[in-house]
> 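Can you keep this structure in mind? I'll have questions shortly.
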Amino acid sequence: MTTAATPENMAHLWRRAGFGASPETIETSTAAGIEATVDVLLAGSTATPVNPPPPALTEPTRPDLEDASEEERQAAVRALLREAFEQHQALGLWWVQNMATTAFPLVEKATLIWHDHFATGFAKVKVPISMFDQNVTLRTLGLGEFTVLVKALTRDPAMVFWLDLQTSTADAPNENFARELMELFTLGEGSYSQEDVREVARAFTGARLVRRRRYEFVDALHDGGDKTVLGETGNFDGDDVVDILVGRRDSARWVARRWWENLAHPNPPDDLLDSLADAYEAGGRRIDQLVRTILTHDEFYSEEAKAGLVKTPVEFVAGALRAFGIVIEADPDTARAVAAAFRLMGQQPFDPPSVGGWPQNRYWTNTAMTRARFLVAGSIAKRVPETMLPVPGDKPSIEGLLGRLGLAPVPADLAADLARFAGSPRALVQLALASPAYSLN
Amino acid sequence: MSVSRRRFVATGLACGALSVAACRGPGDWFGGDGGSTTSPSATEQALVVVTLTGGNDGLNTIVPVGDSDYAGLRRDLAVPADTTFAIGEGFALAPQLEPLRPMWEDGRMAIVHGVGTPDVNLSHFASMATWHTGLSDAGDPTGWLGRWLDTLQDHDPLRAISVGSALPQMLVGSARAGSAVEVGGLGMPAEDGLADAWTDLASSAVDGDSLDAAMARSVLDLGVLREKLGEGEEGTPGGSGQGGESGRGALTVATEEAARILSGGFGTRVVAVTLGGFDTHTGQETTHDRLLGDLASGLVAFFEALDADAPQVTVVVWSEFGRRVQPNGSGTDHGAAGPVLVLGPRVKAGHHGEPPPLSDLDEAGNLRVTTDFRRVLGAVCEAHLGVAASDIFPDAGSAARPLGLF
């Protein structure tokens with residue numbers, strides 16, 4: 001690698017591998033160099049304990065409604081859904097607080113990328129504690145061997161329910177999970193046939209969920225016959241299929257593409273994908289090896305990569321909270337504001353729009369999304385601690401603020417427009433956060 | 001039918017409790033300072049595109065009650081013929097579509113049978129991408145309506161609007177894109193002058209293909225939308241807009257917004273709305289019944305809310321694919337061909353296209369595609385947008401030859 005550890009490159013690294021870093025951290029890591037900084041970022045893969053979940057999370061209950069009237073029944077269902085929704089929101093805030101405060105942001109970023117990749121949503125699952133369990137699986141296994149992660153998710157209660165695997169039996173196999181396993185999770189579209197979908201569905205029959213919370217395999221419901229998957233024939237079960245899929249070259253290229261597109265820029269050229277896939281395979285198909293290869297790649301520091309991604313709403317909010325040291329838990333009003341921000345900006349953690357996850361880049365730049373950014377910027381600006389605000393009219397402290405947001409050096413036009421609000425620090429913060437320049441990650 | 005109180009226009013407050021018809025006329029609504037006063041001409045045409053995401057079960061929407069294989073193949077999921085409304089040619093409307101019956105009887109509704117993509121792909125995402133772009137070359141991400149926007153002389157953010165926070169790919173061109181407008185309004189409370197300063201700083205960053213330039217252009221577009229459409233009563237972040245309090249379905253909330261925009265005399269030619277949840281792999285009956293009910297009431301509400309002076313509107317209802325003929329238990333897996341609904345005063349009512357027979361399914365057990373989807377979209381382009389289908393679908397050749405829908 002020939003790229004130099006400039007402050008600009010290190011700021012880029014911390015934004016993409018995390019949610020931005022303070023000027024002090026940028027200075028330290030500029031001195032340490034890219035490889036040493038990537039080591040520090042990856043050290044979190046084993047060192048970070050899982051923070052305790054929000055205390056609100058409870059096991060789903062089934063109230064006794066035997067003698068209840070229809071009205072009482074409906075009221076009970078509404079109350080349960082409301083409670084689940086509140087827990088779901090609390091979970092989103094817990095996660096973004098982790099992103100904003102963790103010393104190992106790459107663990108959170110990797111978990112977020114996997115959440116987008118194995119996109120599972122509260123809208124259907126409706127059991128927040130299962131969504132939390134899946135998040136733990138993603139953060140615990142997410143930087144290790146890909147095969148281990150995928151196998152864990154084939155038994156993950158939230159995932160199983162999300163893609164209807166618990167209804168799939170030898171007599172009536174359901175293709176939903178099988179298709180997405182190949183199309184979205186392991187291979188990519190075009191690397192398998194409809195016949196493969198059918199055969200993989202047969203291999204995964206027999207899954208059951210006990211009270212939506214516990215995975216169980218019921219052999220009597222499993223199709224024990226031979227299946228042919230991507231040309232290989234045998235009496236496969238789900239784990240056998242995962243081994244076949246993850247072992248394919250198409251899978252290595254797919255995983256490499258997903259990570260490059262999330263960390264660097266969309267549409268990586270073929271030869272780059274091949275070199276990433278080679279490194280991933282040589283590293284035992286471990287995700288941390290792939291991530292290291294990407295973050296220490298010269299192309300990762302190219303102009304194309306630096307201009308290649310728009311901040312998602314979660315990155316936007318987590319980055320701003322981190323930059324200003326805003327603590328959600330400290331204040332119910334801030335919690336409500338952050339929950340409203342996710343709703344308004346169209347990205348609710350734990351509730352992707354579909355199994356395809358959230359679209360990228362231009363999806364976030366239309367007129368409605370842009371308006372949302374302006375409003376959320378105002379909401380965040382209101383909550384910046386006094387000590388973090390620039391002194392009105394004091395140029396160095398204004399520059400300090402923009403540096404904290406990664407907007408240094410400030411483009412001349414932007415500086416001139418911001419200068420109009422030099423006397424009004426919170427308006428200045430809002431304008432900076434809502435600027436097109438800040439929208440880039 | 002009453003109309004919701006909140007909404008765009010401050011001057012519309014006076015009409016709040018009244019029906020749209022009772023306070024019709026763009027002058028009444030937007031005649032205040034800064035509002036547009038241009039009335040749409042009677043010949044003006046507009047298009048509403050309703051996307052049903054997830055893959056709608058066409059067989060249980062436009063039910064082939066006359067096909068002797070239907071009940072046997074569909075088993076428990078077969079819609080009983082005696083609950084449906086016969087529309088001839090061996091087909092019937094699902095019971096939940098009963099509200100559309102007057103439109104059918106008045107000759108304002110057409111059904112195109114067997115519609116789909118030429119290369120059937122059972123992936124939601126691949127099939128959606130094909131429908132949105134209408135191109136064989138997956139490398140070109142422009143949408144079919146985006147390419148229409150590209151052909152026009154000037155850019156106007158009001159010309160093509162998506163109701164909701166997302167802008168569908170079909171509305172994205174190479175040089176231009178439609179706008180996305182949330183139902184909750186366009187309010188942007190902030191310190192005095194801040195929104196203008198934001199527009200100023202964006203105006204110096206609009207050039208080029210970069211992502212920040214795309215956002216800067218949206219900032220400017222948003223300024224125009226706010227000026228023309230007004231801010232609405234609920235200028236607060238996340239204004240409700242879910243329709244929950246009034247019990248209206250999500251699609252009705254969106255289509256009423258669409259009607260309001262098209263009735264406003266802004267020169268809007270295209271509005272896109274979306275209804276999701278059609279991916280019924282399990283428990284199909286309950287979900288699909290509810291969604292069809294939402295669809296029917298949303299369509300009826302749209303035409304009721306449309307101002308008499310509004311342009312002539314055609315509504316096209318489509319989904320990325322149909323569903324498997326034989327159930328997988330309580331649901332259905334991804335299918336291929338499905339019907340497209342076309343509604344409005346201009347459409348040649350009745351049945352179009354060749355219905356794919358249930359006795360001749362493809363190897364996956366799906367209905368065969370008999371009508372290339374671009375033949376429907378191409379017909380709409382020519383009749384409503386004044387552009388040749390061959391300009392919008394340049395690589396389709398005769399496959400996009402417009403159907404005689406108008």
Side-chain angles (χ1 to χ4, degrees), chain A residues 163-164 167-169 171-176 179 183-184 189-190 194 197-198 307-310 340-341 343-346 353-356 359 361-376 378-379 411 413-414 417-418 420-421 424 426-427 430-431 434-437 439-440, chain B residues 53-54 121-126 157 162 164-167 172 177-182 186-191 193-195 197-198 200-202 204-206 210-219 221-222 225-226 236-238 276 279 281-283 324 327-331 333-334 363-364:
Chain A
L163 293 178
D164 307 315
T167 71
S168 193
T169 64
D171 288 343
N174 187 310
E175 293 176 4
N176 200 11
R179 175 180 312 283
E183 175 179 345
L184 300 174
E189 206 274 310
Q194 170 59 22
V197 173
R198 204 191 307 253
L309 293 176
V310 168
R343 201 162 52 240
L344 186 63
M345 297 178 87
S354 80
V355 65
N361 285 354
R362 280 175 201 253
Y363 179 77
W364 303 116
T365 66
N366 73 44
T367 49
M369 299 290 193
T370 297
R371 167 177 169 267
R373 249 165 231 240
F374 180 83
L375 294 172
V376 171
S379 172
D413 289 338
L414 178 58
D417 285 304
L418 292 175
R420 287 162 57 181
F421 287 86
S424 179
R426 291 189 197 274
Q430 180 175 0
L431 209 49
S435 66
S439 74
L440 293 180
Chain B
T53 65
N121 190 318
L122 301 191
S123 150
H124 293 291
F125 308 98
S162 167
S165 62
L167 184 71
V172 178
S179 304
V181 173
E182 291 246 47
L186 286 159
M188 291 198 343
E191 187 167 325
L194 199 61
W198 186 48
D200 287 348
L201 79 84
S204 59
V206 292
S210 66
L211 293 165
D212 49 335
M215 183 188 160
R217 287 194 290 274
S218 281
V219 175
D221 283 355
L222 184 59
L225 292 171
R226 282 159 46 76
T236 50
D279 196 20
H281 287 277
T282 57
R324 194 73 42 83
N328 61 15
S330 69
D333 289 318
H334 300 179
E363 50 288 357

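Sequence lines set the chain letters: A, B, ... in the order given, protein chains first and strands last, and positions in each chain run from 1. Both backbone and side-chain heavy atoms feed into the values below; hydrogens, waters and symmetry mates do not. All values reported here derive from a predicted model rather than from experimental measurement.
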> Between B/D200 and A/R420, does at least one N-O distance fall below 4.0 Å, as a salt bridge requires?
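Counted as a salt bridge, because a side-chain N and a carboxylate O are separated by less than 4.0 Å.
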
> Can you name the closest pair of heavy atoms from A/L375 and B/P189 and give their distance?
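Distance-wise, the nearest heavy atoms are CD2-CD, 3.8 Å.
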
> Name the option with the most non-hydrogen atom pairs under 4.5 Å to chain B; the candidates are A/S435, A/A437, A/A372, A/A341.
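Looking at each option in turn, the highest pair count goes to A/S435.
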
> In terms of heavy-atom proximity below 4.5 Å to chain A, should B/A177 be classed as side chain, backbone, both, or neither?
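For B/A177, no heavy atom lies under 4.5 Å from chain A.
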
> So, are A/R371 and B/E182 salt-bridged, with charged N and O less than 4.0 Å apart?
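No.
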
> Against chain A, label B/L211 side chain, backbone, both or neither, depending on which of its atoms sit under 4.5 Å from a heavy atom there.
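Both backbone and side chain.
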
> Side chain from CB out, backbone as N, CA, C, O: work out which of these in B/A213 comes under 4.5 Å of a heavy atom of chain A, or both, or neither.
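Contact with chain A: none, neither part.
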
> Give, as side chain, backbone, both or neither, the part of A/V376 having an atom under 4.5 angstrom from any heavy atom of chain B.
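It is neither, since no heavy atom gets under 4.5 Å.
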
> Under 3.5 Å, side chain of B/W198 to main-chain N/O of A/A434, donor-acceptor pair present?
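At least one qualifying donor-acceptor pair exists.
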
> Between B/A166, B/A205, B/G329, which residue shows the highest count of heavy-atom pairs closer than 4.5 Å to chain A?
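Of B/A166, B/A205, B/G329, B/A166 has the most heavy-atom pairs under 4.5 Å with chain A.
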
> Taking A/T367 for the side chain and B/S218 for the main chain, is one N or O donor matched with an acceptor at less than 3.5 Å?
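Judged by distance alone, no pair lies under 3.5 Å.
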
> Will you find, in the side chains of B/S123 and A/E189, an N or O donor that is under 3.5 Å from an N or O acceptor?
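Result is no, nothing qualifies.
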
> To the closest 0.5 Å, what do you measure between CG (B/D333) and CG (A/N174)?
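The CG atom of B/D333 sits 5.0 Å away from the CG atom of A/N174.
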
> Please look at B/S210 and chain A and tell me whether the side chain, the backbone, both or neither of the residue comes under 4.5 angstrom of a heavy atom of that chain.
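For B/S210, the contact with chain A is made by the backbone alone.
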
> Side chains of B/L122 and A/Q194: closer than 4.5 Å at any heavy-atom pair?
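SC-SC contact between B/L122 and A/Q194 confirmed.
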
> Would you mind telling me which of B/H281, B/M215, B/H124, B/R324 has the largest number of heavy-atom pairs within less than 4.5 Å of chain A?
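It is B/H281.
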
> May I ask you to decide if B/S165's main-chain N or O and A/N366's side chain share a donor-acceptor pair within less than 3.5 Å?
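Side chain of A/N366 to backbone of B/S165: a pair is present.
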
> With a 4.5 angstrom heavy-atom cut-off, which part of A/R426 approaches chain B: side chain, backbone, both or neither?
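No part of it gets close to chain B.
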
> Quick check: closest heavy atoms across B/A364 and A/R198, and the distance to 0.1 Å?
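For B/A364 versus A/R198, the nearest heavy atoms are CA-NH2, 3.7 Å.
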
> Where does A/L163 contact chain B at under 4.5 Å (heavy atoms): side chain, backbone, both or neither?
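For A/L163, there is no contact with chain B at all, as no heavy atom is under 4.5 Å.
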
> Closest approach of A/S354 and B/F125, non-hydrogen atoms and distance?
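In terms of heavy atoms, the two residues are closest at OG-CE2, 3.6 Å.
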
